[in-house]
Protein chains: 2
Amino acid sequence: MENNAELRFDLGDKTPRPLKRQFSRLMGMTAAQVSKVAQEALNAVGANKFHFVVLATLHQFGPSSQAAIADRTGIYRSDLVAVINTLEEGGYARRGPDPADKRRNVITMTEAGTRRFTELDGILAEVHEHVMAPLGEDEREQLFSLLTRVNAHLAGD
Amino acid sequence: MENNAELRFDLGDKTPRPLKRQFSRLMGMTAAQVSKVAQEALNAVGANKFHFVVLATLHQFGPSSQAAIADRTGIYRSDLVAVINTLEEGGYARRGPDPADKRRNVITMTEAGTRRFTELDGILAEVHEHVMAPLGEDEREQLFSLLTRVNAHLAGD
DNA sequence: ATACATCGTTAGTGGCACTAACGCAATGAG
DNA sequence: CTCATTGCGTTAGTGCCACTAACGATGTAT
């Protein structure tokens with residue numbers, strides 16, 4: 001995995017002090033690092049995060065409409081078209097009409113898709129290990145919990 | 001400040017469980033929320049984060065070349081041109097030649113720039129208060145510290 | 001029959017991270 | 001003194017991604 005040195009938040013004396021206390025800057029830079037690590041790992045096997053997200057949704061909810069997948073994942077319906085196209089081309093999902101409602105497609109995960117999901121899940125577990133390596137188990141849970149509360153708050157709780 | 005509900009990480013039963021344990025997804029969504037809150041607050045006074053970053057650099061280091069500012073802030077030299085253009089147009093900075101080296105410009109903060117920096121710093125302090133509202137003081141320090149350690153690790157420490 | 005909403009798709013827009021290349025200038029080696 | 005290399009700032013892009021608008025087909029309610 002490549003080095004994310006250019007996204008280092010604190011460059012010692014080189015970084016102006018007002019920037020060092022900017023949580024938004026810290027969040028932005030660290031999220032960009034984490035995103036790059038995950039993206040590179042997934043790209044290495046010809047996947048991206050949207051593939052994982054859609055496969056995870058099908059894995060849990062079974063065959064679903066595109067609108068339902070978009071609703072559960074936050075992926076825009078317009079963007080989801082291409083994601084499903086590439087999953088279909090890879091043999092991981094099938095797109096078919098919904099007999100009950102001609103407006104809808106039903107997206108079904110294939111067995112290859114199930115295996116792909118497991119593969120990507122494993123890759124992301126490794127990414128997680130790498131990203132979280134400097135933290136102990138309690139600290140990992142703490143970080144996750146604190147971020148989750150901030151997220152919920154900003155979402156309007 | 002607008003509601004960031006569409007970036008809610010955990011939608012209860014609606015969110016597939018594998019996504020709920022993805023730290024990279026949590027980081028990405030929360031960073032996007034925080035970024036939007038900060039951006040909207042800054043945009044409301046005709047600024048953006050790059051203005052703040054450059055003014056913070058000039059505030060601490062005094063008159064500097066564009067290359068030095070780029071080096072200290074991580075802003076690409078090609079992108080810095082427009083940031084300095086708008087600071088100059090706003091009367092917050094002055095761009096002039098360096099007598100010692102004609103290759104270089106020297107960017108100098110004006111008094112209006114100093115006031116602007118103080119204004120933006122105050123706005124970002126309010127943003128910080130809003131973002132961190134659900135956490136106690138210890139938790140805020142903890143979150144900051146944990147993220148800083150992850151960032152340093154991914155930067156190659 | 002009609003108005004409205006849903007679904008999926010296409011066709012964009014704008015911002016941003018990022019790179020390449022250019023002209024001018026400075027520096028160091030030979 | 002000449003020349004190659006590097007530095008500086010700018011222009012001109014590229015590609016990705018978050019996001020929106022609009023369309024045609026379809027379903028529903030009145």
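Chain letters run A, B, ... following the sequence lines, proteins first and then strands; every chain starts at 1.
- Interface residues of residues 95-107 of chain A facing DNA chain C, ordered by number: A:Arg95, A:Arg103, A:Arg104, A:Asn105; criterion, heavy-atom separation under 4.0 Å.
- No donor-acceptor pair under 3.5 Å is formed between the side chain of A:Asn4 and the backbone N or O of A:Leu7.
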Passes side-chain contact (heavy atoms from CB on, under 4.5 Å), B:Leu58 versus B:Ile69? Steps please.
-> CA-CA 8 Å; B:Leu58 293 174; B:Ile69 294 173; 3.9 Å; yes
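- Looking at residues two or more places apart in sequence or on another chain, you find a ring-ring contact (aromatic ring centres under 6.0 Å, His included) between A:His153 and B:His130.
- Scanning for side-chain hydrogen bond (donor to acceptor under 3.5 Å, both in side chains) contacts around A:Thr30 gives B:Asn151, with sequence neighbours left out.
- Heavy-atom contacts of chain A under 4.0 Å fall on DNA chain D between two terminal nucleotides, which in 5' to 3' order are D:dC17 to D:dG27.
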Before giving the answer on salt bridge (charged side-chain N to carboxylate O under 4.0 Å, His left out), spell out for A:Arg103 and A:Asp98 the whole-Å C-alpha distance, their side-chain angles and the decisive distance to 0.1 Å.
-> CA-CA 8 Å; A:Arg103 289 174 295 184; A:Asp98 184 345; over 6 Å; no
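- Rounded to an integer number of Å, the gap from CE of A:Met29 to C1' of C:dA17 is 12 Å.
- Within the structure, ring-ring contact (aromatic ring centres under 6.0 Å, His included) contacts touching residues 21-47 of chain B (residues at least two apart or in different chains) do not occur.
- Near DNA chain C, meaning a heavy atom under 4.0 Å away, the residues from residues 58-93 of chain B are B:Tyr76, B:Ser78, B:Asp79.
- Within the structure, ring-ring contact (aromatic ring centres under 6.0 Å, His included) pairs that include any residue of residues 82-124 of chain A comprise A:Phe52-A:Phe117, A:His59-A:Phe117 (at least two apart or interchain).
- Counting only residues at least two apart or on different chains, the salt bridge (Lys or Arg N to Asp or Glu O under 4.0 Å) pairs with a member in residues 109-124 of chain B are A:Arg21-B:Asp121, B:Arg116-B:Glu119.
- No donor-acceptor distance shorter than 3.5 angstrom exists from the side chain of A:Thr73 to the backbone of A:Val53, with no hydrogens or angles considered.
- Over its full length, the helix from C:dA1-D:dT30 to C:dG30-D:dC1 turns its helical axis through 0°, comparing axes from the five pairs at each end and rounding to 10°.
- Pairs passing the salt bridge (Lys or Arg N to Asp or Glu O under 4.0 Å) check and including a residue from residues 66-79 of chain A, sequence neighbours excluded, read A:Asp71-B:Lys14.
- Sorted by first and then second residue, the salt bridge (Lys or Arg N to Asp or Glu O under 4.0 Å) pairs with a member in residues 131-140 of chain A read A:Glu129-A:Arg140, A:Glu139-B:Arg149; sequence neighbours excluded.
- Residues passing the side-chain hydrogen bond (donor to acceptor under 3.5 Å, both in side chains) test with A:Glu141: none are found, sequence neighbours excluded.
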